[in-house]
Participant: 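Before I ask anything, let me first share the structure, which is written out below as structure tokens.
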Amino acid sequence: MTALMPATQIVHHLEEVSDLRAEEAARQGFLEWALTLPLDASPAMEARKALGQLAPECPHSRAAGAFLDMLRQAARACAMAPVRRGGRSRRVLH
């Protein structure tokens, strides 16, 4: 099962959510999407695939828009390579 079908279904269901529950529903939808990914899948790659398929669909609800924003963040966040941020080296000199 790919992440595409659940993402499409999630957006469809989020279109019907009231604005009062938009953020909560979007977070729940994102969690549901993430949990449907295969264990060996790259979340960033799957998010990019889902966004590629969902981009033509214009979300009309706040909840669907928030879900798509979360997918965009997942696609960007996981794509960056970890970078050493400095600090003291832990080499043993003796």
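Both backbone and side-chain heavy atoms feed into the values below; hydrogens, waters and symmetry mates do not. What you see is a predicted model, and the numbers here were worked out from it, not measured in a lab. Numbering starts at 1 and runs along the sequence shown.
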Participant: What heavy-atom pair brings Ala74 and Ala47 nearest, and what distance separates the two atoms?
Facilitator: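 Minimum heavy-atom separation between Ala74 and Ala47: CB-CB, 4.1 Å.
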Participant: If the condition is side-chain contact (heavy atoms from CB on, under 4.5 Å), which residues does Glu32 pass it with, not counting sequence neighbours?
Facilitator: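 If we apply the side-chain contact (heavy atoms from CB on, under 4.5 Å) test to Glu32, skipping adjacent residues, the hits are Ile10.
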Participant: Of the non-hydrogen atoms in Glu23 and Ala66, which two are nearest, and what is the gap between them?
Facilitator: OE2-CB, 3.8 Å
Participant: Return the set of residues passing side-chain contact (heavy atoms from CB on, under 4.5 Å) with Ala34 (not counting sequence neighbours), or none when no residue passes.
Facilitator: none
Participant: Ala22 and Arg62: which non-hydrogen atoms are nearest, and at how many Å?
Facilitator: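 Closest heavy-atom pair between Ala22 and Arg62: CB-CB, 3.8 Å.
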Participant: Are any of the side-chain heavy atoms of Val17 and Ser61 separated by less than 4.5 Å?
Facilitator: no
Participant: Going from NE2 on His13 to OG1 on Thr8, what distance comes out if it is rounded to the nearest 0.5 angstrom?
Facilitator: 10.5 Å
Participant: Can Lys49 and Glu46 be counted as an ion pair, charged N to O under 4.0 angstrom?
Facilitator: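 Yes, charged N to carboxylate O under 4.0 Å.
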Participant: Drop me the distance from Leu51's CG to Leu68's CG, to the nearest 0.5 angstrom.
Facilitator: 6.5 Å
Participant: Among residues at least two apart in sequence or on other chains, which ones pass salt bridge (Lys or Arg N to Asp or Glu O under 4.0 Å) with Arg72?
Facilitator: Asp69
Participant: Any idea which heavy atoms bring Ala7 and Trp33 closest together, and the distance?
Facilitator: CB-CD1, 3.8 Å
Participant: Roughly how far apart are Gln28 CD and Arg21 CZ, rounded to 0.5 Å?
Facilitator: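 That separation rounds to 6.0 Å.
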Participant: To which residues is Leu31 joined in a hydrophobic cluster, defined by side-chain heavy-atom contacts under 4.5 Å among Ile, Leu, Val, Met, Phe, Trp and Tyr, whether direct or through other members?
Facilitator: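 Members alongside Leu31: Leu35.
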